[in-house]
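Take a look at the structure set out below.
Quick caveat: nothing in here was measured; it's all calculated off a predicted structure. Just so you know, residue 1 is the first one in the sequence shown, and it goes up from there. Each ligand, and each atom within it, is numbered from 1 in the order the structure gives.
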Amino acid sequence: MIFFLILLFIILAVICFITRSAHYIPVLMYHRIADVKNDRNSLSVEKFAWQLNYLHKKNYHTITLDMLYDFYAIRKKLPSKSILLTFDDGYADNYTAALPLLVKYKMTAVVFPIGNWIGKKNNWENLGKEETITMTKEQLLDWQQHGQLIASHTMTHPFLTNCTESKIIDELHDSRQLLSNALSADGDFLCYPYGNFNESVAAAAKRTGYKAAFAIFEGINLFHIDLYALPRIPIPSHQSKWEFILKTSRLFILFIALRKWERGFKKWRRKR
Ligand SMILES: [Zn+2]
């Protein structure tokens with residue numbers, strides 16, 4: 001009896017949380033599309049193909065950054081089951097492995113290349129990462145030719161909260177300029193490296209002309225949409241099918257909430 005009462009309480013609490021939480025659109029966060037051992041940020045092509053096929057079969061609509069912005073800013077309607085696909089850092093395998101699948105399913109995605117690391121080896125990353133290369137300028141142009149999008153991810157991929165104010169402004173301003181000058185991209189949207197930001201970083205994003213910025217879990221407001229702290233859902237290498245289905249369902253906000261609270265709890269424990 002007591003078990004059923006506890007279960008009922010949990011179910012009611014979950015329903016209450018979901019109905020009262022902000023109506024975010026799910027934004028998936030990918031990095032490499034490749035089979036790399038011991039790299040949680042690399043998803044195999046097979047798994048990625050399964051995921052796109054699932055989204056296609058279930059009638060999901062991949063939307064653009066402008067559509068997402070208009071939905072949040074002016075409540076412009078979105079197709080049912082809207083979702084945004086994003087790729088961090090601009091790895092070459094996004095072009096060679098992901099693009100053919102995106103084209104096959106007529107889907108749109110956004111890539112966030114790092115300004116100073118276009119068409120280079122991935123030497124900005126920590127030691128221990130498998131060496132690879134990033135998309136060249138020509139590949140980024142062709143990516144756009146195929147209806148895909150590009151947005152800013154700073155010039156050098158720093159932890160922005162560790163930077164001086166002028167360094168933050170340079171990182172955000174220069175990458176925005178680079179995208180609009182070299183790639184004729186809008187440069188209206190930003191992705192914080194490592195999802196790392198605070199109030200002054202968000203204010204700098206606003207000041208340098210960005211319309212919105214993507215984070216991950218930390219700093220997310222679960223009850224109010226903040227255009228400069230949009231949550232994203234990481235899709236790691238070990239992503240199981242059932243969890244992917246959950247992450248793209250209406251319950252995804254619960255997943256974000258749990259990860260946010262888990263991080264908060266770990267931080268609190270470290271401080272004690
Ligand atoms: Zn990154």
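A donor-acceptor contact closer than 3.5 angstrom links the side chains of E243 and Q239.
H157 has its closest N, O or S atom to the Zn ion (ligand 1) at the position named NE2. Of all N/O/S atoms in D89, OD1 sits nearest the Zn ion (ligand 1).
Note on ring orientation: taking the six-membered ring where Trp is involved, the planes of H157 and Y194 are perpendicular (angle over 60°, cut-offs 30° and 60°).
Among the backbone and side-chain atoms of H31, none of the N, O or S atoms lies under 2.8 Å from the Zn ion (ligand 1).
To the nearest 0.5 angstrom, S152 atom OG is 9.0 Å from E171 atom CD.
Tested against R32 for a side chain to side chain donor-acceptor pair (under 3.5 Å), the candidates D93, D39, N122 yield a single pass: D93.
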